Each structure stands twice: as C-alpha cells, then as structure tokens.
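Keep in mind that this is a model prediction, so the values were computed, not measured. Chain identifiers are assigned alphabetically (A, B, ...) following the order of the sequence lines, protein sequences preceding nucleic acid strands; residue numbering begins at 1 within each chain.
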Protein chains: 2
Amino acid sequence: MVQGAQRETIDLAVSTVIFALRPAPDGGSPTLWIPLVRRIRQPYEGQWALPGGRLRYSESLAEAARRNLKETTDLEPKYLEQLYAFGDPERSPGDRVVSIVYWALVHAEQADRVAEGENVRWFVADELPDLAFDHNGIIDYALWRLRNKVEYSRIAHALLGETFTLSQLRSVHEAILRRSIDPANFRRQMEATGGLVATEAVVTGGRHRPPRLYRYDEDVDMADNGPLGPRAS
Amino acid sequence: MVQGAQRETIDLAVSTVIFALRPAPDGGSPTLWIPLVRRIRQPYEGQWALPGGRLRYSESLAEAARRNLKETTDLEPKYLEQLYAFGDPERSPGDRVVSIVYWALVHAEQADRVAEGENVRWFVADELPDLAFDHNGIIDYALWRLRNKVEYSRIAHALLGETFTLSQLRSVHEAILRRSIDPANFRRQMEATGGLVATEAVVTGGRHRPPRLYRYDEDVDMADNGPLGPRAS
DNA sequence: TCAAAAGTGTTCCAATTACACCCATGC
DNA sequence: GCATGGGTGTAATTGGAACACTTTTGA
C-alpha cells in the first residue's frame, strides 16, 4: 500500500462472531465461549480479534463467512445469520473498512475440534480482553441478539448435537440467559412450540430416572427471518 | 469503466427504504407509501428503484443514507435504522455491488414536500411494479421488519407530527398491520408502555367529543436497539 | 430405602381480549 | 335530540410463573 498518499478506497470485509457451549473455566456448568484469532499485522498486531477476511469477487456474503470460518478455525456452523454492517470511518486506523459481521452457532463436538494455539484461542463470552478494532462492541451486540433470539426462536438446538435431553436443552437456555429456568415450565413451553421430536431412546447410566432423548424436526426452521427465508445465512 | 476486462472490484452502495403514511389512492384511510426513483442508466435503465448511491470515503453508513435521502427526495427522516446488507454476486448484472440498506420513517408533512416528477414518485407499499435489481425483495423484508417492530416499539410516532391524537396513532398501527385495533385496549396499551405525554390541547371542529392531543417524550428511545444504542441509525 | 433428576398436575397472577357503557361535541 | 367518535369499566380468556407431587433409576 502506498504510504502517505490516501487512496480513498473502501475495503469490504466479512467477520463472524462464533458461539459454542463449553464447560466453565472451573469445570462447572456450560458457558458461552467465542473463538478469537490473533492479529499478525498492523493495525492492532498481536491483539485478539474476530475471525474474518476480505470478501471475494464471486462469493456471497454468507459464503465468505463460511469459508473464513473453515479456513481460520475449521468450524462449520449449524446456524449462521447476518448480524450487522459496521462502517464507521474511524473504526480502523489508517484505512477505511466496512465489515459485514455474521454470527454463528456451532455444537460442542465441533468446537472441540478447534486446534487452539498461539493464534487461535477460546474465550468466555462475557470475560473478553480488549480486542482489536470495535470488536468488543460487536460481540456485545451479538450477545444481545443471541439472548433476545433464544427466547422467541429455536436456535438453541444449534448448540447441541443430533439428539439431546430436555435437561441439556434447558441448560443451553440457562447458559445463554444466565438465569435458572423451571424445568417443568420449560418442558411444556418446548413441547408447545413444536419442532421437538421424541425419540425412543433414553440415556441410562445416571443415578436417577433415565431422560428421554429428543431430536429437532429439520422441516421446521430454527428462526423466522421473514422474507429473507431460512437461507438468509 | 473498462469494457470487457473484468476489474473484479466490489462496489459498496447505501440505499434506503422510506416509509410515509398518506391517504389511500381512492382517498380513503391512511396507507403506507414508498418513494422510488427512476434509474437513468444501465442496468435496469428506466425502471424504478430504491434511492441510493455510493458510500463516500469519510462518511458513516448512516450519514450516507441521510445524505442520499436529502439529495434524491429532500427528505429528513425521523427514524432511520439499518435493515440488512445484500451482497449476492448475481444481484447486479455485469458488476458486483454490495448494498447496505437502511429503512426510514418520515412524517406526512415531510412526505408532501417531495417533488414528484418523471424520476421520483410515490407508490403504495403493497402494490409495487417490478423494480430494478432485487429491490422488490428488499422492500418485502423492510415491510416485514416494520410490521414486526411496530408491535414491540414506539416507532409509529415517527410517522406522525409533533402532536397527535390517539386515534391518529391507532390508525398508523392499523395502516401498518392492515387490521383494525380495539380503540379502548389500544389506549391502555399506549398509556402503559409510557413515552406518551398528554398535552392540554384538544382538537375541536369534529362533530363529536374533541380528542386530546398527545406528544412523544423525546427522552424515551423509539426502539431498543441494544448495545448499538439510539444512534445506531 | 434413599437421593436425584425426570416428568405431571395444579394454583396463582398478569396481560390481552371482547364488549358494554358513558361523555362531549356539532348539527 | 341524535349521531359520532372519545374515553372508561369490566368480565372472560389466555399464557406464564411458582411449586407440590409422583415416577424411575442407581447406589
């Protein structure tokens, strides 16, 4: 890039806030985690940031998000949705970058596949260090959207595997909303909204009554995104 | 622009879906209208499209939206919010354009100031012709967002002037939602959610009991956009 | 038999809805 | 008066929250 001479071009990037459910740092109850990547060039060299990159000429915005997730963290999300376009002129020192940010949910088994290292690491979503650019604010907004959306849609399923117990599903809600939920009422709500399919299997081995395994009806969309449709990702 | 040789650059545009409330075409009850501009160059030359234009180097996304509204239709919206970023590679024949779309609400007096002509015209929001690009789909999504948001926020005020009667506010809701609302319950709901301030004035001249005029408490945000805040526009 | 979580039943409370009714004005 | 919309009152319905209770397993 030419130094001094202002090129006045606007760069277009696609980044993604990835959520996964993992045990708390002390080994306790499930908690929201986010994988971040270390910046290897200026600005903000060495600081942690959202995974992202330039949009290529012939890929859609969602394709760019998926490609980048695969490249940087090897993750393939079960749910992906556009979050917001951030374009403040001052958000990247020295140049002008408009970032179209997506947010994604991956389930725990996927999350464990991420090779942590010097440049990729998981962080507890509510205890982040100072990140590059405006990424702390972006994650705050993604968390807000997630916490809103989990109350009126079925996205929580995307953080679990193929089958799950109602306890597990409830603990997903509890981890996201950071409050305990009455098991009885939770069960009825889930059964009422539909999309839950009881399987024949139960989980044995616990020292209590074996819970039934459920799966998610794939014919029902996880979230109603209106005219954008389920492929709005 | 160089013909034939693919430059592979991605253009970044900002467009806006503008809503205003005006009498129905037959002179009847208030209806949602949208101003569109005629395209004066290829592609889609001669067809109607959303007002918009290139993002400039030193303006924010919302500033670009406001500037363009002012330039093309002379409107200054009371409410402005980002809708979505549309970036399908096929959405603009011949080149690659990512459009960051905003949606806006203007009140009726403002709307009447728009100079309609060969290249600017109002259309009933639910009866649009075939528009340029993917703009029909974009407006469908904006309508969906508007209809959702009017039920859990106070944005309806932005379609009215400084003061208004509860009847007028109710007819805004009815126009957006396309169903009739019980006046008694509507009144209580509005009073309960707060933000409404009764003035001393009433409207005389009707052949019935004069309704009280209300105004909107400016200290209360029209919509809760979370960490993005009220200046998320 | 006991502990623990699964799962069911019931009560209470708040919000929404439907609709009856009174009020104030112009004609 | 009486028609018209403004404005108030109230009962019925709904959905959620709280919590008691029964069931089924492992130890």
Side-chain angles (χ1 to χ4, degrees), chain A residues 23 28-30 147-154 156-157 160 163-215 224, chain B residues 23 27-30 147-154 156-157 160-161 163-215 224:
Chain A
S29 52
R147 288 182 170 133
N148 274 308
K149 202 143 192 168
V150 78
E151 302 216 66
Y152 65 86
S153 70
R154 304 182 182 88
H157 295 93
L160 294 169
T163 59
F164 47 85
T165 67
L166 276 171
S167 256
Q168 289 171 333
L169 185 58
R170 179 167 50 87
S171 82
V172 173
H173 282 247
E174 289 178 335
I176 293 173
L177 299 173
R178 293 179 298 183
R179 59 180 173 85
S180 61
I181 299 169
D182 183 287
N185 296 331
F186 182 79
R187 164 181 299 273
R188 276 181 293 248
Q189 276 182 358
M190 290 300 110
E191 283 168 346
T193 51
L196 270 189
V197 183
T199 68
E200 295 307 310
V202 290
V203 180
T204 53
R207 49 168 167 273
H208 51 76
R209 174 169 171 178
R212 181 172 297 277
L213 279 170
Y214 290 80
R215 63 180 178 80
D224 177 13
Chain B
S29 52
R147 288 182 170 134
N148 274 307
K149 201 143 194 170
V150 80
E151 302 215 67
Y152 65 87
S153 70
R154 304 181 182 90
H157 296 94
L160 294 170
T163 60
F164 46 86
T165 67
L166 277 170
S167 257
Q168 289 170 333
L169 185 58
R170 178 167 51 88
S171 83
V172 172
H173 282 248
E174 289 178 336
I176 293 172
L177 299 172
R178 291 179 299 183
R179 60 181 172 85
S180 60
I181 299 169
D182 183 289
N185 297 331
F186 181 78
R187 163 180 302 272
R188 275 182 295 248
Q189 275 183 356
M190 291 299 111
E191 284 167 346
T193 51
L196 268 189
V197 183
T199 69
E200 295 307 311
V202 292
V203 180
T204 54
R207 50 167 168 275
H208 50 75
R209 174 171 172 177
R212 180 172 297 277
L213 279 170
Y214 290 81
R215 64 181 179 78
D224 177 14

Residue closer to the 5' end of DNA chain D, A/R207 versus B/Q168 (nearest nucleotide): B/Q168

Whole-Å gap separating P (C/dT17) and CG (B/N185): 7 Å

With sequence neighbours excluded, residues passing salt bridge (Lys or Arg N to Asp or Glu O under 4.0 Å) with A/R147: A/D126

Donor-acceptor pair, side chain of B/Q168 and main chain of B/T165, under 3.5 angstrom: yes

Gap between atom CZ of A/R187 and atom OH of A/Y214 - 0.5 Å precision: 5.0 Å

Sugar-phosphate only, base, or nothing, as touched by A/R212 at under 4.0 Å among non-hydrogen atoms: sugar-phosphate

Most 5' of A/G205 and A/D182 on DNA chain D, judged by nearest nucleotide: A/D182

d(CZ, B/R188; P, C/dA15) in whole Å: 13 Å

Closest non-hydrogen atom pair, B/P210 against B/V203: CB-O, 3.1 Å

Candidates C/dT25, C/dG7, C/dC19 - which lies nearest the side chain of B/A184: C/dC19

Selected nucleotide, minimal atom distance to B/R209 side chain, candidates C/dA5, C/dA24, C/dG9: C/dA24

Leading and trailing nucleotides of DNA chain D with any atom under 4.0 Å from heavy atoms of chain A: D/dA17 to D/dG26

Distance test, side-chain N/O of B/Q189 to OP1/OP2 of C/dT17, below 4.0 Å: yes

Options C/dA4, C/dC23, C/dT25, nucleotide nearest the side-chain atoms of A/H208: C/dA4

Integer-rounded Å distance: C/dT17 C1' and B/I181 CD1: 13 Å

Sugar-phosphate, base or nothing in reach of A/S167, heavy atoms under 4.0 Å: sugar-phosphate

Sugar-phosphate only, base, or nothing, as touched by A/A192 at under 4.0 Å among non-hydrogen atoms: nothing

